[in-house]
Amino acid sequence: MSDTLLFFRQLVSRPVEISAIAPSSRYLARAMAKELGPQTGRVVEFGPGTGRLTQGILNAGVAPKDLSVYEMNPDFVSHLKGKFPGIAVHLAPAQTCVDHEKDVGAVVSGLPLLSMPEALRMEIVAAAFKILRPGGIYVQFTYGPRPAMTDAEIDALGLTWKKTAFVALNLPPARVHTFRRKAER
Ligand SMILES: C[S@@+](CC[C@H](N)C(=O)[O-])C[C@H]1O[C@@H](n2cnc3c(N)ncnc32)[C@H](O)[C@@H]1O
């Protein structure tokens, strides 16, 4: 089944978990991975869906053996296992990464953070920073003008952020934000 057909079928059956009107474009995938490369070491992706951002991460030069993805939807997981045989695909919520990962150079998130309850959003981003090594980055896209967390949440987690891209060629247009620990700015 094509990526697009699979995405729309899952959107109809699980609209809240997906919370997007289309898979990310290859332009957004490139922008999400622009700070990544073979030097990044281990990379973890949250909410890969059909794998558009996964492909962007691999295209940036991250080796398949260095990439682990966490996806809750079993149909997406079967699709990802067939499409990306060399990567580790976990059928598990993003926040369980703390049980499997350490020394990670970057977490790339395609999760609909803003559609989640605050407690879950905080749990997920806190989990990302537990597995990130010193200097590691958390990359998140959003469709709105602001980052996908409130100022209070960003402060509570001790983070700082910057806008790293605006991608017009995406449906809808998206912004990419990179978060780091404030002490490492
Ligand atoms: C907006 S879609 C993004 C898909 C893909 N990353 C893209 O950009 O085209 C969000 C994805 O996050 C997944 N998801 C939602 N909550 C999750 C969670 N807590 N842990 C892991 N995946 C989750 C959904 O199943 C869906 O595949």
Side-chain angles (χ1 to χ4, degrees), residues 1-34 36 43-60 62 67-84 87-101 104 106-131 138-144 147-149 153 164-178:
M1 190 187 302
S2 78
D3 278 17
T4 309
L5 183 58
L6 175 62
F7 184 90
F8 286 114
R9 281 205 177 162
Q10 297 305 314
L11 178 59
V12 171
S13 57
R14 296 167 176 247
V16 176
E17 282 172 22
I18 295 187
S19 284
I21 55 172
S24 295
S25 70
R26 68 190 135 105
Y27 306 98
L28 179 54
R30 195 186 304 150
M32 290 287 285
K34 80 175 179 188
L36 274 51
V43 175
V44 168
E45 183 186 356
F46 290 168
T50 58
R52 292 288 175 89
L53 304 185
T54 316
Q55 188 64 62
I57 294 166
L58 295 172
N59 290 350
V62 172
L67 179 57
S68 288
V69 305
Y70 289 77
E71 171 56 62
M72 282 183 10
N73 178 312
D75 292 312
F76 284 152
V77 164
S78 312
H79 179 79
L80 292 162
K81 284 183 172 167
K83 191 168 167 185
F84 303 107
I87 72 171
V89 182
H90 299 262
L91 173 56
Q95 54 276 34
T96 63
C97 66
V98 289
D99 300 329
H100 308 281
E101 314 288 344
V104 170
V107 174
V108 175
S109 168
L111 294 175
L113 277 193
L114 276 175
S115 312
M116 293 176 174
E118 178 181 348
L120 176 59
R121 183 162 61 236
M122 292 291 278
E123 186 187 355
I124 288 173
V125 181
F129 278 91
K130 275 191 193 132
I131 64 168
Y138 176 86
V139 187
Q140 173 77 51
F141 75 79
T142 180
Y143 303 126
M149 285 185 283
E153 290 166 356
T164 39
F166 170 71
V167 182
L169 293 175
N170 190 70
L171 195 63
R175 287 167 181 80
V176 178
H177 296 108
T178 300

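All values below were derived from every heavy atom in this structure, side-chain atoms included, with hydrogens, water molecules and symmetry-related copies excluded. Counting starts at 1 for both ligands and their atoms, following the listed order.
- Between the side chains of Asn73 and Glu17, not a single donor N or O lies within less than 3.5 Å of an accepting N or O.
- Against a heavy-atom cut-off of under 4.0 Å, Tyr70 is close to the following atoms of ligand 1: 21 (C), 22 (N).
- Nearest non-hydrogen protein atom to atom 27 (O) of ligand 1 is Glu71 OE1, 2.8 Å.
- When all heavy atoms of Val176 and Val139 are compared, the closest pair comes out as CG1-CG1, 3.6 Å.
- Atoms of ligand 1 found under 4.0 Å from any heavy atom of Pro93, numbered from 1 in the order shown, are 20 (N).
- The shortest N or O to N or O distance between Gly47 and ligand 1 is under 3.5 Å.
- Shortest contact from atom 5 (C) of ligand 1 to any protein heavy atom: Pro48 O, 3.3 Å.
- Less than 4.0 angstrom separates some heavy atom of Ala20 from each of these atoms of ligand 1: 1 (C).
- Summarising the geometry of Ser25 relative to Leu169, their closest heavy-atom pair is OG-O, 2.6 Å, with the distance given to 0.1 Å.
- In this structure, the protein non-hydrogen atom closest to atom 15 (C) of ligand 1 is Glu17 O, 3.4 Å.
- Taking the side chain to side chain donor-acceptor pair (under 3.5 Å) definition, one finds that Thr164 meets it with Thr178, sequence neighbours left out.
- The shortest N or O to N or O distance between Ala94 and ligand 1 is under 3.5 Å.
- Neither the backbone nor the side chain of Arg14 comes within 4.0 Å of ligand 1, counting heavy atoms alone.
- Counting the atoms of ligand 1 from 1 in the order shown, those under 4.0 Å from a heavy atom of Met116 are 16 (N).
- Contact between Ala22 and Phe8 at its shortest, heavy atoms only, is CA-CZ, 4.3 Å.
- Of the N and O atoms on the side chains of Glu101 and Ser68, at least one donor lies less than 3.5 Å from an acceptor on the other residue.
- Taking every non-hydrogen atom of Pro112 and a distance limit under 4.0 Å, the qualifying atoms of ligand 1 come out as 10 (C).
- Contacts with ligand 1 closer than 4.0 Å are made by no heavy atom of Gln10, backbone or side chain.
- Of all protein heavy atoms, the one lying nearest to atom 23 (C) of ligand 1 is Leu111 CD2, 3.3 Å.
- For Ser115, the side chain to side chain donor-acceptor pair (under 3.5 Å) partners at least two apart in sequence or on another chain are Ser19.
- Where the criterion is an N or O separation shorter than 3.5 Å, residue side chain and backbone included, Thr50 fails it with respect to ligand 1.
- Looking from atom 2 (S) of ligand 1 to the surrounding protein, the closest heavy atom is Ile18 O, 3.6 Å.
- Heavy-atom minimum distance, Gln95 versus Leu120: NE2-CD1, 3.3 Å.
- Using modelled atom types and a 3.5 Å distance limit, the side chains of Thr96 and Tyr70 yield no donor-acceptor pair.
- Annotation: the span from Ser24 atom OG to Leu171 atom CG amounts to 10.5 Å, rounded to 0.5 Å.
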Handout entry: salt bridge (charged side-chain N to carboxylate O under 4.0 Å, His left out) between Asp75 and Arg9, worked out
Key = CA-CA 10 Å; Asp75 292 312; Arg9 281 205 177 162; over 6 Å; no
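- Taking a cut-off of under 4.0 Å to the non-hydrogen atoms of Gln95, the atoms of ligand 1 that pass are 19 (N).
- When all heavy atoms of Pro173 and Ala168 are compared, the closest pair comes out as CG-O, 3.8 Å.
- Nearest protein heavy-atom neighbour of atom 19 (N) of ligand 1: Met72 SD, 3.4 Å.
- For ligand 1, the atoms lying closer than 4.0 Å to a non-hydrogen atom of Pro23 are 9 (O).
- Counting only heavy atoms of the protein, atom 10 (C) of ligand 1 lies nearest to Gly110 O, 3.4 Å.
- Looking at Cys97, Ser24, Ala22 and measuring to atom 7 (C) of ligand 1, the nearest heavy atom belongs to Ser24.
- Screening Arg175, Met32, His177 against Phe141 for a side-chain contact (heavy atoms from CB on, under 4.5 Å) leaves a single residue, Met32.
- Under 4.0 Å from ligand 1, the heavy atoms of Phe76 that appear belong solely to its side chain.
- Heavy atoms of Ala29 found under 4.0 angstrom from ligand 1: none, in either backbone or side chain.
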